[in-house]
Amino acid sequence: MNNKRVLIFCLIILFFLLLPILLDIFEIPNNSERFKSLPSNDLGHPSPYINIANELTNSSEPIDILILGSSFGWTGLDASIITEKLSKEIGRSAKVLNFCSNWRGEDQYYIILHEILKKREVKFVVFTQPVWSIQQQNTWHFRTSHFMKFSDNYLLDGLSVLDKITWYGHLVLGAPRQLISGLRPNLIPDIIPHAESFGSMLKKRGFHGEEFKIYEPLINQKEVNLEIGKSEYKDFDHNFPKFQTFWFNRIRELLDNNKINRALISIPIWSHRNDNFIRRSLVLNDIYQCDLIANVPKKLFGRFDDKKQKLFFYNEHMNYNGAKYFTNSIANKIIDKYKCIK
């Protein structure tokens, strides 16, 4: 009897260890549904992945501008403003999508880009530049188990054995949820969060719990549209972790193979709001072979006192006010880069 129980226990363990492979064989969930297995609530926010899955599944129109990056870009860039301005510029309805999400994850950005290019043309990609102190990524994104499948293993060529084992461990942990999502698709939310802002999460939240107030000051366009001088850049010639650099290079290869123009964008955070310079990564600019779109933070926020500055942020991230203010200040620079597409 004891031997039988041990055998059953071992078979159960084996089943769960092999579940990522079994799900892949039987296509559970199918490829278009893979992102929908992610939680509808992501760290207290409506998940961005439902919108990503919807765009992967229900649309085939070309994407003019795709924004990829961490939560700083998710809350700090209002895609609806860029859409409106670009539509007027090109004389048709533009398609701009913000696919940023919580935490840094070049592995995640690669998979999203890889999947969407199977179905849709992407003309221009904007990546948020990593914030040095908190966005050094040396392991898999914490949502890896939901957005990768076992058949993606060929993408890992060049990574260490430890990275590959860790990746499979993520798949094992996420497989039960993938199984449930595949067998019970009715559990997938029908409401698409952030659809009206084309993926951007515009947070109406005050600074560290303070009352939120709408604040929409006019932008000094004359100052923010000035060319940035060499002295206004502070260059960082440091190396990123090997894991992160691996995915930077894979992304660049994917962009090159599909002849997609790209740019980096510097998103202001609370700690840097009064900087009179722009942080720029020479290493990342060299890998992506592109320009950095930015405004000097002090030119944006320096004319406000500390109390007014807080109206643009809810913590290190910009809130609704900050996203509107910053995007209006930077949109023309993004559109100028888009117009350089050959």
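FYI, side chains are in, hydrogens and waters are out, and symmetry mates aren't considered; it's all heavy atoms of this structure.
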Verify same cluster id: Ile21, Leu11 (apolar side-chain graph, 4.5 Å): no
Modelled atom types, side-chain donor and acceptor of Lys204 and Asn321, under 3.5 Å: no
Residues in ring pair (Phe, Tyr, Trp, His ring centres under 6.0 Å) contact with His141, at least two apart in sequence or another chain: none
Asp152 side chain near Asp24 side chain, heavy-atom distance below 4.5 Å: no
Test side chain to side chain contact (heavy atoms under 4.5 Å, CB included) applied to Lys324 - qualifying residues, sequence neighbours left out: Asp78, Ser80, Ile81, Leu202, Tyr320
Full working for side-chain contact (heavy atoms from CB on, under 4.5 Å) between Lys299 and Glu232: CA-CA 11 Å; Lys299 289 183 179 180; Glu232 293 180 298; 3.0 Å; yes
From Ser329 atom OG to Phe301 atom CZ, the distance as rounded to the nearest 0.5 Å: 7.5 Å
Side chain to side chain contact (heavy atoms under 4.5 Å, CB included) partners for Ile287, two or more places apart: Thr245, Phe248, Asn249, Arg252, Val283
Shortest non-hydrogen separation from Ala323 to Met318 and the atoms involved: N-CB, 4.1 Å
Sequence-distant partners of Ser160, side-chain hydrogen bond (donor to acceptor under 3.5 Å, both in side chains), two or more places apart: Asp163
Check: Ile293 and Ser266 side chains under 4.5 Å, non-hydrogen atoms: no
Heavy-atom donor-acceptor pair, Lys333 side chain to Ala294 backbone, under 3.5 Å: yes
Shared hydrophobic cluster for Phe124 and Ile90 (ILVMFWY, side-chain gaps under 4.5 Å): yes
Derivation of the side-chain contact (heavy atoms from CB on, under 4.5 Å) call for Lys85 and Ile335: CA-CA 8 Å; Lys85 289 179 179 290; Ile335 291 169; 3.6 Å; yes
Note, Val296 side chain near Leu300 side chain (heavy atom, < 4.5 Å): no
Spatial distance of atom OG1 (Thr327) from atom CG (Asn332) [nearest 0.5 Å]: 11.5 Å
Sequence-distant partners of Ser200, side-chain hydrogen bond (donor to acceptor under 3.5 Å, both in side chains), two or more places apart: Asn98
Cluster link Leu7 to Ile12, ILVMFWY, side chain under 4.5 Å: no
Close side-chain approach of His272 and Val131, heavy atoms under 4.5 Å: yes
Under 3.5 Å side-chain donor-acceptor pair for Thr75 and Asn319: no
Ionic contact status for Glu84 with Lys88, cut-off 4.0 Å: yes
Donor-acceptor side-chain pairing of Ser101 and Gln108 below 3.5 angstrom: yes
Flag, side chain of Tyr49 to backbone of His146, donor-acceptor distance under 3.5 Å: no
Backbone N/O of Ile219 and side chain of Tyr325: donor-acceptor pair under 3.5 Å: no
In one Ile/Leu/Val/Met/Phe/Trp/Tyr side-chain cluster, 4.5 Å: Trp167, Leu159: yes
Working for side-chain contact (heavy atoms from CB on, under 4.5 Å), residues Leu77 and Ile330: CA-CA 9 Å; Leu77 279 171; Ile330 205 80; 4.2 Å; yes
Donor-acceptor side-chain pairing of Thr128 and Arg104 below 3.5 angstrom: yes
For Ile260 against Val125, the heavy-atom pair lying closest together: CG2-CG2, 3.8 Å
Derivation of the side-chain contact (heavy atoms from CB on, under 4.5 Å) call for Val126 and Leu66: CA-CA 6 Å; Val126 176; Leu66 179 65; over 6 Å; no
Backbone of Trp140 reached by a side-chain donor or acceptor of Thr144 within 3.5 Å: no
His317 vs Ile267 side-chain heavy atoms within contact, under 4.5 Å: no
Side-chain heavy atoms of Leu292 within contact of Ile265, under 4.5 Å: no
Parallel, tilted or perpendicular: ring planes of Tyr215 versus Phe304, cut at 30 and 60 degrees: perpendicular
Atom pair CG/CD of Leu311 and Glu211 - distance to nearest 0.5 Å: 10.5 Å
Residues Trp74, Phe99; criterion ring pair (Phe, Tyr, Trp, His ring centres under 6.0 Å); working and verdict: CA-CA 7 Å; Trp74 190 23; Phe99 278 4; over 10 Å; no
Qualifying residue, where the test is side-chain contact (heavy atoms from CB on, under 4.5 Å) with Lys203 and the options are Tyr314, Phe212, Phe313: Tyr314
Close side-chain approach of Val6 and Cys10, heavy atoms under 4.5 Å: yes
Distance (rounded to the nearest 0.5 Å) between Asn285 CG and Cys290 SG: 5.5 Å
Heavy atoms of other groups near Gln289 CD, more than 12 under 6.0 Å: yes
Carboxylate-amine/guanidinium proximity below 4.0 Å for Arg120 and Glu55: yes
Partner residues of Asp286 under the side chain to side chain contact (heavy atoms under 4.5 Å, CB included) criterion, sequence neighbours left out: none
Ile25-Phe16 co-clustered via ILVMFWY side chain contacts under 4.5 Å: yes
Criterion ring pair (Phe, Tyr, Trp, His ring centres under 6.0 Å) on Phe207 and Trp270, from CA distance to verdict: CA-CA 10 Å; Phe207 189 73; Trp270 171 256; 4.5 Å; yes
Gap separating the CD1 atom of Ile116 from the OG atom of Ser60, nearest 0.5 angstrom: 11.0 Å
Ion pair Glu61/Lys119, N-O distance below 4.0 Å: no
Within the 6.0 Å centroid threshold, strictly below: Phe127 and Tyr288: yes
Residues Gln244 and Asp107: side-chain donor-acceptor under 3.5 angstrom: no
Test side-chain hydrogen bond (donor to acceptor under 3.5 Å, both in side chains) applied to Glu121 and Asn258, step by step: CA-CA 9 Å; Glu121 177 190 3; Asn258 288 275; over 6 Å; no
Test: Asp291 and Arg262 ion pair at under 4.0 Å: no
Salt bridge Lys95-Asp64, side-chain N to carboxylate O under 4.0 Å: no
Close side-chain approach of Lys149 and Pro20, heavy atoms under 4.5 Å: no
Nearest-0.5 Å distance that lies between atom CG in Asp235 and atom CG in Leu282: 4.0 Å
Check: Arg250 side chain, Leu155 main-chain N or O, donor-acceptor pair, under 3.5 Å: yes
